[in-house]
Structures are given as C-alpha cells and as structure tokens.
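These notes concern the structure reproduced below.
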Amino acid sequence: MAAPQSNIVLSGLARRLIQDGVIDEPIALDALSSAQKSKTNLVPYLVENGLVDSITIANAASLEFGVPLFDFNSMDPEQIPSSSISENLITKHHAVPLFKRGKRLYVAVSDPTNLSALDEFKFHSGLTTEAVLVEESKLNQVIERIIEEKENEELGDFDDTDFDNLDLETVDDTPEDDDDASGADDAPIVRFVNKILLDAIKKGASDLHFEPYEKRYRVRFRIDGILSEVSGPPINLGTRIAARLKVMSKLDISEKRQPQDGRIKLKLSKNKAIDFRVSTLPTLFGEKIVMRILDPTSAQLGIDVLGYEPEQKELFMEAIHKPQGMVLVTGPTGSGKTVSLYTAVNIINTPERNISTAEDPVEINLEGVNQVNVNPKQGLTFATALRAFLRQDPDIVLVGEIRDLETAEIAIKAAQTGHLVLSTLHTNSAPETLTRMVNMGVAPFNLATSVNLVIAQRLARRLCEKCKNGVTLPNEVLIDAGFKEEEVGTFQIFEPVGCDSCTNGYKGRVGIYQVMKLSEEMGRIIMEGGNAIDIGDQSAKEGVNDLHRSALLKVKQGITSLEEVNRVTQH
C-alpha cells in the first residue's frame with residue numbers, strides 16, 4: 001500500500017487540511033493517489049467520497065492561497081457567460097466562467113491549483129483569466145444547469161434529418177474505463193433519454209410518460225401521485241425518442257401498430273440498479289410510452305415507515321404470522337398495494353418457510369422467494385400458477401390479483417388447508433372487498449371462514465417538514481370535514497407552502513389504511529347475505545376507522561393537509 005504513495009508530496013491544500021486537523025495524513029495520501037488514478041482533482045474527490053465537506057475545503061483553500069471565496073447564491077445564474085466557453089471545456093476542467101471585467105475573465109474553481117483550466121479558458125476566450133474560489137457542491141449544481149441548458153438548446157436546434165444516422169443500439173456492459181464505449185453516448189437523443197431517466201430517479205418519480213400529440217411532444221413525471229410536465233422536445237424527435245426507448249427495452253422497433261411490454265435495467269453504480277417496466281401504446285400521432293420505475297429498495301422499507309397506526313400495525317403483524325387464512329389488500333392502481341404485500345413477504349421470509357408468488361408482472365425481485373410471471377397468452381394464468389403452487393409444498397402463497405371466480409376459489413381452498421394466502425383486489429373499501437368476492441360467485445361460508453384480514457389503502461402526499469405552515473380554520477369547517485366536536489381545538493392544522501426541497505409543498509407519501517379484521521359478527525352478516533354497508537356499519541361499531549377517518553388522523557399528526565385528504569378519500 002505504501003509504494004504507490006511514496007512519490008506523492010503533500011503540499012498546498014492537502015497540507016493545509018492536515019494542519020487544520022480536518023483530515024489525517026494517511027487518508028490525504030490515499031485521496032491524492034486515488035484522485036490521480038481517476039484523473040480528477042483532489043477537491044472533487046474529497047467531496048464526492050464524503051471525506052471533507054465543500055465549505056470546509058473552500059475556507060481552507062481561501063486561506064492557503066489567498067483567493068477570494070465567492071458565493072454562487074449571490075449571483076443571478078442568467079448572468080454567467082457560459083455561452084462563450086464550450087460545454088466540453090467546462091466539464092473537462094470542472095470550472096465555470098463567472099464574469100468579465102474589461103479584458104479579464106474571472107473563472108470559478110473549487111481548487112485554486114487547477115491552473116490548466118485557467119490556461120485553456122485564456123486560450124479560447126482571448127482574455128486574461130483569474131481564479132475565483134467557490135464551494136465544490138455549488139459548482140457542481142451550476143455545471144449541471146449549464147449542461148442541461150446547452151443540451152436543450154442543442155435538441156431544439158436539431159432538424160429531423162440530423163438523426164438519420166444515429167446508432168440506437170443498447171449500450172453494452174462495457175467497463176467504464178474503456179474510452180471507446182462512450183461514443184454512443186455522444187448522440188443527442190441517447191443523452192436526452194439518459195438524462196430524463198436519471199432526472200426521474202433523482203426526483204423520486206414513480207412513472208414517466210412520453211406523449212406525442214399533433215403539434216407538440218411532452219414528457220411528464222408522476223411525483224407523489226401527481227403528473228407534471230418536465231420537458232417538451234421538438235415534435236419531430238418523437239419517433240426517435242420512442243425508437244431509443246424500444247431498443248433499450250428490447251422491443252420490436254418495427255412494430256408500431258400493436259402495444260408492447262418490456263423492461264430496462266439502468267445501472268447507477270456497481271451496487272445499485274433500477275428497473276423500468278416499459279409499455280408502448282399506438283396513439284393517433286405516434287407511440288405513447290409509459291415507464292414505471294421499480295426500485296428494489298421500496299420493497300424493503302419496513303412496516304414502520306408505511307404509515308400504519310399502532311393498532312393497525314398490530315392487526316397486520318398478527319394476520320401475516322398466522323399459519324393459514326387469507327389477507328387481502330385492496331385499492332386503486334398506484335395505491336401501494338404491491339409495496340404492502342412485499343413488506344409482508346419480507347417480514348415472513350425466513351429459511352423455514354416456502355414462499356411462492358404469481359404476479360403480472362413480477363415488479364421487484366425478492367431473494368429467497370419463488371416468483372412466477374403469469375402469461376395468459378401461454379396458458380399460465382393466476383389460477384394455473386396457484387394450482388401448481390399447491391403441489392410444491394408451500395407455506396405462503398402470494399397471488400398478484402384475484403380477478404375471477406376460478407382464482408378466488410383456489411386461493412380460498414389454499415387458505416382453508418393450512419396455507420397463508422396474500423392477494424389484492426380492486427375495490428374502494430374493505431367491506432366492498434368481501435361483497436365483491438360474493439358477487440364473483442364465492443360461497444359466503446367459505447369467505448367467512450377463510451379471510452383473516454382486509455386492508456384498504458390509499459397514498460397521500462406528505463407535507464414538507466421544512467416549509468409547511470400552520471393555519472387556523474373555523475370549527476364548522478373542521479366538523480364538516482369529519483372531525484368530532486370534542487377533537488376541534490386540540491390539534492394544529494398545516495397547509496402546503498413550497499420550497500426548494502419539495503414539490504408544491506409536499507415531499508414523499510404516506511399510507512392511509514382501513515384495516516378490518518373479520519369478526520364472527522361480520523362473518524354472520526356475510527352468510528346472511530348482507531351488503532357492504534351492513535359490513536361497514538358493523539366494522540365501525542367494532543372501532544375500525546374507515547379510510548377518511550384514518551386520513552384525518554394524519555392531519556391531526558401534521559403529516560398531511562386537509563386538502564390532500566379530501567383529494568385522496570373523496571369525502
């Protein structure tokens with residue numbers, strides 16, 4: 001280990017950081033060596049690897065070299081003369097032209113020893129250059145914004161004919177240090193698509209929509225359940241964008257008249273990859289492509305962050321640890337049913353249990369779980385898979401969705417014969433789930449004796465903790481919203497504001513749940529032909545909160561707003 005560092009001389013900034021006690025000498029030597037190997041400067045290496053924070057380095061460098069420290073926040077970004085210097089120079093030297101004064105160009109750098117940047121900027125601008133010190137983190141933000149602006153300008157200026165020779169091949173798993181491998185990334189469409197995918201991941205989007213219309217093309221992200229437009233590339237690029245996405249998804253690029261489904265795996269690093277589920281649909285003016293982001297970490301969130309109230313969590317944990325019976329999760333598309341089921345599976349996934357799942361499609365791979373992709377075209381339906389599971393010595397079975405009587409009857413039979421069955425339905429509330437299965441043709445007696453727990457759920461946006469604002473509402477409004485008279489005045493209501501850390505005052509989402517344990521009285525109502533209203537009334541008598549009441553608890557806790565509750569639960 002000492003050999004490669006023996007020729008390295010600690011001087012300048014590294015020496016100052018050691019003298020100030022910010023970093024130890026062995027770590028500094030190792031950082032210098034690694035930065036040289038990766039052909040980067042010391043400052044970006046220290047910040048990217050979390051060894052020293054930006055402001056500490058900036059203060060130390062300012063003292064060591066006598067260079068003034070400049071705050072980017074005090075300057076209007078529009079005034080930065082980035083157009084006079086190429087994007088390649090800015091990214092190559094990790095420096096930005098700041099402003100001109102006569103024949104002098106002031107250049108923002110995070111490392112004052114970056115003399116090659118000053119020399120090249122001097123050569124290309126014909127001006128005398130002088131370094132101005134800035135924080136590394138803020139410099140990164142400005143460089144990203146400049147690159148984004150230049151790419152948007154570049155895409156806007158391109159004519160359809162400029163893309164005729166594009167090589168739209170899927171990028172291989174070529175080692176990162178292979179310089180030739182980056183050639184494909186120079187194509188504007190490839191870079192545009194890659195940037196959109198990375199932006200979606202950074203912003204926490206769940207879905208991406210690429211939509212062609214008669215006179216425009218738009219790209220939208222669904223963030224925290226709400227769609228918003230993020231880009232509007234020229235309409236003549238629509239077919240090229242669709243082609244790129246279809247190649248990445250390994251779909252038939254020549255088939256534009258039929259819907260297709262595929263997947264993309266995007267490697268963010270050696271240890272992290274994000275999957276995208278891709279769906280194409282022929283529309284009047286081209287193919288609309290929708291991508292669902294499948295983040296494996298969402299299946300490992302743990303029950304404590306999903307939003308269950310303590311008594312709801314207790315019922316959930318009790319039901320999934322029973323040796324047999326059925327747990328049903330219900331709600332509309334995008335309400336978090338899959339995450340709830342995967343959370344349950346992760347909790348009970350031990351070496352002593354045999355777990356099999358039938359899904360359409362399998363969204364997230366789970367270690368130690370036997371997952372089956374149903375394929376109705378090939379005859380592999382939920383019912384077929386479920387029958388096969390029962391011959392595979394199962395302990396726990398997860399059925400992606402109960403869609404028909406055949407699947408429902410097999411699932412109930414499994415739940416009655418010593419297996420724990422987890423599944424979903426598309427209904428609006430927990431009581432409606434039971435009557436829906438009766439309407440499918442399931443015998444009421446079988447339903448009453450097999451179902452342990454029914455969970456109805458929605459996802460509501462969380463208020464941003466940094467900017468949420470307390471608000472006072474009239475008592476009549478609160479009572480009309482569903483609060484009890486004795487509750488009014490005992491809690492603080494918050495409303496969204498909006499800041500740099502959130503989207504319109506919200507950041508992230510929280511689950512709203514109706515957790516209904518099937519009691520003997522409910523079973524009797526089912527067998528006597530009672531409807532969802534009868535079951536709902538009985539559950540209320542037993543203290544089960546409906547979705548709206550559960551949502552109001554989140555308002556009382558300051559987690560979400562009354563406006564969001566009314567949007568999600570349609571009170």
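- The line from CZ of Arg191 to CD1 of Ile196 is 13.0 Å long, rounded to the nearest 0.5 Å.
- Every residue meeting the side chain to side chain donor-acceptor pair (under 3.5 Å) condition with Arg461, not counting sequence neighbours, appears here in chain and number order: Glu564.
- Other residues, nucleotides and ligands place more than 12 heavy atoms under 6.0 Å from the NZ atom of Lys554.
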Let's go through Val278 and Met248 carefully: what are the C-alpha distance in whole Å and the side-chain angles of both, what is the deciding distance for side-chain contact (heavy atoms from CB on, under 4.5 Å) to 0.1 Å, and is it a yes or a no? CA-CA 10 Å; Val278 183; Met248 293 173 73; over 6 Å; no

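- Once rounded to the nearest 0.5 Å, the distance linking CG of Asn504 with CG of Asp224 reads 10.0 Å.
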Given the rule in the side-chain contact (heavy atoms from CB on, under 4.5 Å) test, do Gln324 and His419 qualify, once you have shown the distances and angles that lead to the verdict? CA-CA 4 Å; Gln324 65 184 49; His419 309 95; 5.9 Å; no

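- A side-chain donor-acceptor contact under 3.5 Å links Tyr506 and Ser561.
- No donor-acceptor contact under 3.5 angstrom links the side chains of Thr283 and Lys288, judged on distance only.
- Counting only residues at least two apart or on different chains, the ring pair (Phe, Tyr, Trp, His ring centres under 6.0 Å) pairs with a member in residues 305-337 are Tyr308-Phe316, Tyr308-Tyr513.
- Here the CD1-CZ distance, from Ile189 to Arg244, works out to 10.0 Å after rounding to the nearest 0.5 Å.
- Side-chain polar atoms of Glu309 and Gln557 form a donor-acceptor pair below 3.5 angstrom.
- The two residues Ala415 and Ser450 have their closest heavy-atom pair at CB-CB, 4.2 Å.
- Distance OG1/Thr449 to CD1/Ile526: 10.0 Å, rounded to 0.5 Å.
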side-chain contact (heavy atoms from CB on, under 4.5 Å) between Leu562 and Phe483, intermediate numbers included: CA-CA 11 Å; Leu562 198 55; Phe483 290 105; 4.0 Å; yes

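- Considering every non-hydrogen atom in both Gln514 and Leu547, the closest pair reads N-CD2, 3.8 Å.
- For Thr338, the side chain to side chain donor-acceptor pair (under 3.5 Å) criterion is met by no residue, not counting sequence neighbours.
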